[in-house]
Amino acid sequence: MKTRKPLPKKQNNALSPVSSPSVASSKQIALQEQRSKLPIAKGKDALIREFQEHDVTVLLGETGSGKTTQIPQYLLESGIARGGMIAVTQPRKVAATSLAIRVAAEQNVTLGTSVGYSVRFDERFSSETRIKYMTDGMIVRELMSDPLLSKYSVVIVDEAHERSLRTDLLIANLKTIQRQRNGFRDVKGKGKDKADAPNPLKIIIMSATLDAEKFGQFFSGAKILYVQGRQHPVKIYHSSQGQIDYVDAAMRTFYQIHTDYPPGDVLIFLPGQEDIESLERTIEMYAKQLPQDSLSVLICPMYAAQAAGQNSKVFLPAPPKTRKCILATNIAETSITIPGVKYVIDTGKCKEKRYLARNTGGGLDTLLTRDITQSSAMQRAGRAGREGSGHCFRLYTENAFKAMPLSAEPEIMRCSLSSSLLQLKCIGQDLEKLELMDQPAEESMKSSLIVLFLLGALNREKEITTVGRQMASFPLEPVYGRAIIASKDYDCTHEVLDIVSVLSASSKLFVESFEQRDAVSEARKKFRHVCGDHLTILNVVKAYQEIAQSEGKSNRKEWCRRHFLNERALLEASDIRDQLRQTCQRLGIDHSVSCGDKEDPIIFSLGHGLAMNIALLQPDGTYKQTIGQSIVKIHPSSALCDKKTPAIIYDELVYTNQIYARGVSRIPKSFIITLGALKQQS
DNA sequence: GAGCACTGC
């Protein structure tokens, strides 16, 4: 069995056949009873028949139907999966692992035997594994080594309505794979006969109820099935008029609930950290004026950039005579379920990151507050009905709700395509030719092709180059893969890996807190490097490694806290770095080569990757891109803000109020000329 | 001198 990380002991106890058989069997009986009570259990036989008859099934199930845990077991028990594996894909890692744990328990097997999972940095499966929960990113990677996914006889795509980039790529590939594996005859009778197919593939798409037809249409002839969920009723109230100040409206609604409604926790959805912090202040201010005999208020802010452990009180039951008030971003909509919530206040707003491609190559991200979608509003309301009936207060009118788009635009329409384009090139596919549910804009496609060409990943004929293949083998944005490859020539792979792994970690390195902003900037000065943010990151990594070597775990934590560093980001970066070192080894790049105290080699390596992200200082103090025409400002959080550095490279452009360059480093002008000369040659 | 939803390899 492959096991990279042992599970926490508590979970192991719950899974492995327990020493006392009577305990195990009573647990097992309880589990089986729960299984049989799930709404989906009634339809088991009918479902199995449908799966047998149809190659593609679209299953619409509300939350709580048990479809994600039960269907794979039905497929296994009924023999539909034959000798192959059943893959169940998830957009998020936690979902994949916790589902596997649950299903292993229901099957009464040890996790990693017949039921397993596979997510980045953590896997538990073996040659025996028949049901494998995995992230969609994982199975898309598997496509690169096994383009027909021949190990799997059934692929179940869960949460397909979320339309993540990887889900969309997977669905597109599944359609072509099925044609090849199952055999088909077109209208002219050409193609293979079904009977000849030795290893057919079944596809099951699972989605929330909205816009289901689309999946059915994409897989022409797919059978659409509905499963009832088990959700408690949620009473929904709309505002009679639109709210201009939703933070103020949320505060007033909260106190209305607090004084007029029975106990039960309140969950308030807000777009971002700034609003969360401001609402926290106003709620706290009025909490002091509450009458003596009323419930007290415990505020729990929750957003992704929080330091680890900061939000743990969210999951504990409210103390006696206290009402919990959770102020959350979208993190509470899909990623995290908070127990005890009876009331939801929905501002109707969220922040959306959207990539604007430029036909000069590259582009910029916008991060703006916008109205949510209808499906998101329903999801938010549903958070009040997890444990009993609940109430949802919408701070917008019913007409405003009806005017909202049904569901979010698929991610593929609003992100950079460079990485996917390159991955597909590796298996001889073209993103332009792939039959997708939604085709990205031509401009976005073109922009990514230019980026990949400028990075040397594609030649003029749009064919993948040797460098392109190397770049694709790194689990990174192509830009940083390119920087690592360049680092070989500048003898600084060690340093570049340190920096790039922090940049690609999903958690932020620096903890931001509005209240302690002065202390934060003071602590940050210690690591600041004159060359800019990339070398500042390197300083942090080096300092942390020194602490990690000499100090115990609790001191490490304390050190991070004192310096407003997010240890989770550093730990994640260290996992990524290990993975990148392995990739380097495969490609014959010595990852231990270091440039010592020299800075230029590091900057030059990064410069090869960030060649499209260069800007020059203008007389008025702003910067102008060398590719593209935008005027950009250095983000105030940067080490180089106000430093009047003549030429800079940057990780990304983000438009909020202005176009900001983030992750900025000084680069010698002479290097830009060299880079230009190199481009001429190619 | 100002602010950052969420995933994934």
Side-chain angles (χ1 to χ4, degrees), chain A residues 89-96 118-123 134-145 159 162-170 269-278 302-306 328-336 347 349-354 365-370 372 376 379-380 408 411 414-415 419-420 422-423 426 471-478 480-481 501 504-514 517-518 520-521 566 572 575-576 579-580 582-583 621 633-638 640-643 652 654-658 660 662-663:
Chain A
T89 73
Q90 294 292 322
R92 283 168 289 280
K93 293 209 276 189
V94 270
S118 171
V119 302
R120 192 185 188 185
F121 303 129
D122 191 8
E123 55 184 28
M134 58 207 295
T135 46
D136 43 22
M138 217 55 181
I139 200 165
V140 169
R141 269 277 149 179
E142 270 188 33
L143 275 174
M144 294 180 66
S145 55
E159 311 285 10
E162 286 186 25
R163 303 291 308 275
S164 79
L165 173 63
R166 286 156 203 85
T167 306
D168 272 20
L169 290 177
L170 174 63
F269 283 102
L270 293 142
Q273 183 182 349
E274 208 183 339
D275 287 329
I276 288 176
E277 284 171 345
S278 118
M302 218 171 69
Y303 46 87
Q306 262 175 330
T329 60
N330 261 353
I331 195 168
E333 195 181 299
T334 45
S335 310
I336 288 172
T347 58
K349 302 282 177 191
C350 67
K351 281 203 185 178
E352 185 187 69
K353 200 166 184 174
R354 176 173 281 272
D365 287 312
T366 62
L367 188 70
L368 302 169
T369 301
R370 57 161 291 167
I372 58 169
S376 173
Q379 180 77 18
R380 288 180 174 192
E411 191 184 3
R414 50 187 174 88
C415 70
S419 187
S420 308
L422 186 62
Q423 263 192 48
C426 272
M471 280 160 61
S473 49
F474 287 102
L476 291 172
E477 282 294 311
Y480 296 115
S501 47
S504 78
S506 60
S507 326
K508 293 237 160 64
L509 179 58
F510 297 110
V511 177
E512 298 291 340
S513 159
F514 183 85
R517 69 204 304 183
D518 292 337
V520 170
S521 54
N566 186 2
E572 200 184 329
D575 276 343
I576 295 172
Q579 205 178 29
L580 297 178
Q582 283 171 27
T583 311
K633 272 182 91 173
I634 295 180
H635 194 272
S637 67
S638 169
L640 291 190
C641 188
D642 292 331
K643 292 285 187 285
E652 56 176 359
V654 181
Y655 174 78
T656 49
N657 295 315
Q658 303 183 66
Y660 289 108
R662 294 200 336 207

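Residue numbers begin at 1 in each chain, while the letters A, B, ... track the order of the sequences.
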Okay, side chain of Q379(A), backbone of E333(A): is any donor-acceptor separation there less than 3.5 Å?
-> yes
Is any side-chain heavy atom of R380(A) less than 4.5 Å from a side-chain heavy atom of C350(A)?
->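 When only atoms from C-beta onward are counted, C350(A) and R380(A) do touch, with a gap below 4.5 Å.
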Expressed as a whole number of angstroms, how long is the span from [X]:[atom1] to [N]:[atom2]?
X: E352(A); N: dT7(B); atom1: CD; atom2: P; result: 16 Å
X: E572(A); N: dT7(B); atom1: CD; atom2: P; result: 10 Å
X: E411(A); N: dT7(B); atom1: CD; atom2: P; result: 12 Å
X: Q658(A); N: dC4(B); atom1: CD; atom2: P; result: 12 Å
X: E162(A); N: dA5(B); atom1: CD; atom2: P; result: 18 Å
X: I331(A); N: dC4(B); atom1: CD1; atom2: C1'; result: 13 Å
X: K351(A); N: dT7(B); atom1: NZ; atom2: P; result: 16 Å
X: L165(A); N: dT7(B); atom1: CG; atom2: C1'; result: 10 Å

Counterpart residues, side chain to side chain donor-acceptor pair (under 3.5 Å), relative to R163(A) (two or more places apart) =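 R163(A) satisfies side chain to side chain donor-acceptor pair (under 3.5 Å) with D168(A), D438(A) once adjacent residues are dropped.
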Flag for E159(A)-T167(A): side-chain donor and acceptor within less than 3.5 Å |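 Side-chain D/A pair, T167(A) to E159(A): absent.
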Looking only at the side chain of [X] (C-beta and beyond, no hydrogens), which of the listed nucleotides [options] gets closest?
X: T656(A); options: dC4(B), dA2(B), dA5(B); value: dC4(B)
X: R92(A); options: dA5(B), dA2(B), dT7(B); value: dT7(B)
X: H635(A); options: dC9(B), dT7(B), dG3(B); value: dG3(B)
X: P475(A); options: dA5(B), dC9(B), dC4(B); value: dC9(B)

Base, sugar-phosphate, or nothing: which does L476(A) touch, judged by heavy atoms less than 4.0 Å apart?
->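 Here L476(A) touches the bases of the nucleic acid.
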Could you check whether V654(A) gets within reach of a base, just the sugar-phosphate, or nothing at all, counting any heavy atom under 4.0 Å?
->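 Nothing, no nucleic acid heavy atom in range.
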Counting only side-chain N and O atoms of [X], is one of them less than 4.0 Å from OP1 or OP2 of [N]?
X: N657(A); N: dA2(B); value: no
X: S164(A); N: dC6(B); value: no
X: Y660(A); N: dG3(B); value: yes
X: T329(A); N: dC6(B); value: yes
X: K93(A); N: dT7(B); value: no

Closest-nucleotide ordering on DNA chain B, the 5'-leading residue of R414(A) and E477(A) =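 Taking each residue's closest nucleotide, the earlier one in sequence belongs to R414(A).
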On DNA chain B, nearest-nucleotide positions of D642(A) versus R662(A): which is more 5'?
->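 On the 5' side of the pair lies D642(A).
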hbond_proxy R166(A) side chain to dG8(B) base (donor-acceptor, 3.5 Å cutoff) |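 In this structure, the two groups form a donor-acceptor pair.
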What are the two closest non-hydrogen atoms of F121(A) and Q579(A), and how far apart are they?
->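 Of all heavy-atom pairs spanning F121(A) and Q579(A), the closest is CE2-OE1, 3.5 Å.
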Shortest non-hydrogen contact from S164(A) to D136(A)?
->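 Of all heavy-atom pairs spanning S164(A) and D136(A), the closest is OG-OD2, 3.2 Å.
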